[in-house]
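Only a predicted model underlies this, so the values are computations on that prediction, with no experimental measurement involved.
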Amino acid sequence: FAFFLFLLGRPLVRIVQGKKWWIGGVPPVEFSLWILFLGIISLAVGAILFTLFTRQQASETFSRLAFLRNRFFSGNRVEWLEKNRDSNPNFRALSAVSLVIFITCWLASAYLGYEKLAFIVGKSYTDYFLYFKESAPLPVRTMATFTDYAMGIYLLTMPRKRNAYLVLGANILLNIPVLIVGLRGRFMFSVVFATLYFFLRARHQSKDVWIGHFEKRGLIFGIPLAIVLLNSINYIRSKQVNLTANFLEDIFDFFDKQGVSFEVLSHGYYAAYKTASFGNNYTFGPFIDFLTRDSYGRVLSGLPPLPGNNSQEMATESHSFAHALSFFQHGNYLRGEGYGSSYLLELFADYGWLGVICGSLILGVILAAMPRMFDRGGISGLLALCSLGSIFWIPRDSALGWLTFVVSAQFWLLVVIVYFLSGILTATRPYLTLRVTSDTRYQHLLASPPATPKTLSLDFALNSPRPLQLLAAKKPQGDLYA
């Protein structure tokens, strides 16, 4: 769907409307069509290859990579957690600690959102990109970076549906200030992340119905309303008037506006050759800039920090293809506007057509592997959850920007803190992490009672041909009956 929305939406909508759907001459249009064709085909082939790779075979001896499959993609902890979640003190401690940290970090992120709202009053969307700088204290900004990771750890403990609703709803609410500023991506993908999580949980047996009547109605009525809302923000932030006459035209206009990345591919045809002289690697650019220009990386590299906003220095010295492309192709780049990027363009700029094919194959494998990684749980499940929020953005973003969190100190530090505190909580306060539910009490009632001597009734003894002997067998021992 992300491919269709960002890369194919505009040409298909304009073909239906009978409008011109291309820009420039024949070479950039042919380039755009070929790179889309190879990217989509390779993506599908990668997903099919992963499905064949993970299929159980009749004999494991025919699979030399069976150990890799069994180590990283086999196993299902979701249903096990559903059964043992309330009775296992370790997972209850992990759930409690991650939830408390998420709430704390959520408050820090909410403060940063308020800071953005306070800045945008009386200013434009472009002013935000050109002049906004966070002024919150360093501890607040640091705590805010833990929010997504803490949420991922908590959701990986497979909470009940009502608890998941609260956490995912809080995450969506957190991105409303950013939506008001004019940035739709973060809000849109927080909603997509919540939807995908519900579908991942619905694949397994559970005490809760994850996709019920309420969720189905929400999808049916919520998607059109979300399209209208997100399309309206397009006009609000550019201070224009929406001239669409009806709801259907509004939907067409939304797909046309979001499908601008097809034109970005055409601009990238020219920019890929102009940026060759810079000698930058854009595919791994997010990692390179993070490890050399971030606050921690500068200690090792000795390089100055990047300016961050639109500038000639950012376009030529950073490894961001979005800035380089817009610097050459967008007339208002230095005034805060730009085209963005696409992982297809970055693969082509660095490795040519072979890079587009191989990179799309790998992406198809990764997308197909994510549900298996979620089912397995642990670190692989956490990596899958933390990636879901941004990996679908790559048709109009950098190739590996969604994965840079794996080299961040915040991610691994939070994992260590959560597991360390949950271990302490389990060891020192076991009564806080142990709960006897109605299900476990019912199981105790069903347990077999200890064996007791079988007693005989008085009526049976009197009607028996040997009443005295039977009554003597029932007689209790003691002085009362002496």
request  = For residues F287 and H319, determine if any side-chain heavy atom of one lies less than 4.5 Å from a side-chain heavy atom of the other.
outcome  = no
note = Between A399 and Y343 the two heavy atoms that sit nearest each other are CA-CB, 3.5 Å
ask   = Is any side-chain N of the basic residue among R201 and D208 closer than 4.0 Å to the acidic one's carboxylate O?
value = no
key: Residues R186, D148: salt bridge by 4.0 Å N-O rule   = yes
ask   = Strictly under 6.0 Å, is that where the ring centroids of F198 and Y165 end up?
value = yes
ask   = For G268 and L325, which heavy atoms make the closest approach, and how far apart are they?
value = CA-CD1, 3.7 Å
task = Identify the heavy atoms of G359 and L347 that sit nearest to each other, and give their distance.
result = CA-CD1, 3.8 Å
inquiry  = I need the minimum non-hydrogen distance between I172 and A194, along with the two atoms involved.
reply    = CD1-CB, 4.3 Å
Any F405 side-chain heavy atom under 4.5 Å of S387 side chain = yes
request  = Determine whether more than 12 heavy atoms belonging to other residues, nucleotides or ligands lie under 6.0 Å from atom CZ of R141.
outcome  = yes
ask   = Is there side-chain contact between L99 and V167, with heavy atoms separated by less than 4.5 Å?
value = yes
query = Do you know which two heavy atoms are closest between P286 and T404, and how far apart they sit?
reply = CB-CG2, 3.3 Å
key: Side chains of L8 and I40 in contact at under 4.5 Å (non-hydrogen atoms)   = yes
task = For residues L155 and F193, determine if any side-chain heavy atom of one lies less than 4.5 Å from a side-chain heavy atom of the other.
result = yes
request  = Kindly write out the residues that satisfy ring pair (Phe, Tyr, Trp, His ring centres under 6.0 Å) with W393, not counting sequence neighbours, or none if the list is empty.
outcome  = F6, F189
Student check: side-chain heavy atoms of L117 and I180 closer than 4.5 Å = yes
query = Side-chain donor-acceptor pair under 3.5 Å between E346 and S398, yes or no?
reply = no
inquiry  = Whether the S32 and S266 side chains hold a donor-acceptor pair (N or O, under 3.5 Å, no angle test) is what I'd like checked.
reply    = yes
request  = Sequence neighbours left out, what passes ring pair (Phe, Tyr, Trp, His ring centres under 6.0 Å) with Y149? Give chain and number order.
outcome  = F411
message = Counting the benzene-type ring for Trp, do Y154 and F102 have ring centres under 6.0 Å apart?
response = no
key: Nearest non-hydrogen partners of A324 and T275, listed with the distance   = CB-CG2, 3.7 Å
query = Should I391 and I366 count as side-chain neighbours, where that means a heavy-atom distance under 4.5 Å?
reply = yes
query = Quick one: do the S261 and S342 side chains pair a donor with an acceptor below 3.5 Å?
reply = no
request  = Among F37, W34, F31, find the one that has a ring pair (Phe, Tyr, Trp, His ring centres under 6.0 Å) with W353.
outcome  = F31
task = Return yes if some donor-acceptor pair links the side-chain N/O of S360 with the main-chain N/O of I357 below 3.5 Å, else return no.
result = no
query = Should F374 and L388 count as side-chain neighbours, where that means a heavy-atom distance under 4.5 Å?
reply = no
